[in-house]
Amino acid sequence: MTRLRLATWNVNSLRARLERVGEWMRQVEPDILCLQETKLADAAFPVEWFSARGYESAHHGAGQWNGVAVVSRVGLGDVERTMGPGTETLSESRFVAATCGPLRVASVYVPNGRSLDSEHYLTKLAWLRQLAGLAAFERERGMSLALCGDFNVAPDDRDVWDPRAFEGATHVSEPEREAIRALEAEGLVDAFRVLYDQSGLFSWWDYRGGAFHQHRGMRIDLVLVSASLRDRVRWAVVDRNARKGGKENQPSDHAPVVVDLEV
DNA sequence: ATGGTCGTTGCACGA
């Protein structure tokens, strides 16, 4: 039995955050790290910076927007950059998957729905349906799966600072939450919720209005693992320290989520 | 109180 430390972090520009990511990795020593919003083209992704620290990497990005990566020190192979045949356009540069040791790992950056009456909201729901198809595919071929990333959905009211503030907004609407439950119906469990049932444990805080200091956040960064791993979740945390900092050490607006699995 | 801040690109826009 070995302990596998899995983490996911929307870094809001890897170029702007690289030094901070390096310091965090040195302290936390994740075995597998999923990144979102690298905002890099594949050619600009710092493959050698990661390999110098003992990590292989797979990146999918077009630059400027989106961009996701899987970084691993327990092996990395069979890289896929779409959720399946015919989904290249939908997948955008928001999906990359790789096999890392015993796990199939996907780093996902679910589209922001913007508003309930936006076409982007429909794209978001379609994207999540496609992701459920991928979960079914991995289950059918017997792979243990970890879907890690920024889902832009708060699964239930415990995951928002004030449900009343979100009436009629995205991230909390019933169709979005149903899409997360559909992933669970495909055999995935929210690893963080295996250990914690409290409200107010957030992973994202708006940069504006001092939201972080006033505890106005949401839990939208998730690690969804195969149900067969439920009893192997040993430890989990949202590392709020990584959300701290000011002018000289700017944080992302997301904190990393860390999950330790006994595999 | 319809504001606020950050990262990117280029003199707004997405989140």
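It should be emphasised that the depicted structure is a prediction, and the values quoted were computed from it without experimental measurement. Order of the sequence lines fixes the chain letters, A, B, ..., with proteins taken first and strands second; residue numbering starts at 1 for each chain.
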Euclidean distance for C1', B:dA15 against B:dT9 (whole angstrom): 15 Å

Enumerate the protein-to-nucleotides 12-15 of chain B contacts in which both atoms are nitrogen or oxygen and the separation is below 3.5 Å.
unit_1, atom_1, unit_2, atom_2, d
B:dA15, OP2, A:Arg114, NE, 2.9
B:dA15, OP2, A:Arg114, NH2, 3.4

Nearest nucleotide by nearest heavy atom, which residue falls closer to the 5' end of DNA chain B, A:Lys247 or A:Gly63? A:Lys247

Can you tell me how far C1' of B:dC6 sits from CD of A:Gln250, to the nearest Å? 7 Å

Could you list the residues that satisfy side chain to side chain donor-acceptor pair (under 3.5 Å) with A:Glu184, not counting sequence neighbours? none

Euclidean distance, atom NE2 of residue A:His213 to atom C1' of B:dT5 [Å, nearest integer]: 12 Å

Using distance alone, with no hydrogens and no angle criterion, decide if A:Tyr109 and A:Ser93 have a side-chain donor and acceptor under 3.5 Å apart. no

Within the 4.0 Å heavy-atom criterion, would you say A:Arg216 contacts the bases, only the backbone, or no part of the nucleic acid? nothing

Pick the C1' atom in B:dC11 and in B:dG7, then give their distance to the nearest Å. 16 Å

Just how far, in rounded Å, is P of B:dT8 from CG of A:Leu18? 12 Å

By side chain to side chain donor-acceptor pair (under 3.5 Å) - contacts of A:Arg17 (at least two apart): none

According to salt bridge (Lys or Arg N to Asp or Glu O under 4.0 Å), who are the partners of A:Arg208, at least two apart in sequence or on a separate chain? A:Asp206

Nearest-angstrom distance, P atom, B:dA1 to B:dA12: 30 Å

Validation: residues 230-237 of chain A side-chain donor-acceptor distances under 3.5 Å, sequence neighbours left out:
unit_1, atom_1, unit_2, atom_2, d
A:Arg232, NH1, A:Glu262, O, 3.3
A:Arg234, NE, A:Glu262, OE1, 3.4
A:Arg234, NH1, A:Asp231, O, 2.9

If you measure from the C1' atom in B:dG14 to the same atom in B:dG10, how many Å do you get, rounded? 15 Å

What pairs of residues pass the salt bridge (Lys or Arg N to Asp or Glu O under 4.0 Å) test when at least one of them lies in residues 107-127 of chain A, not counting sequence neighbours? A:Lys124-A:Glu176

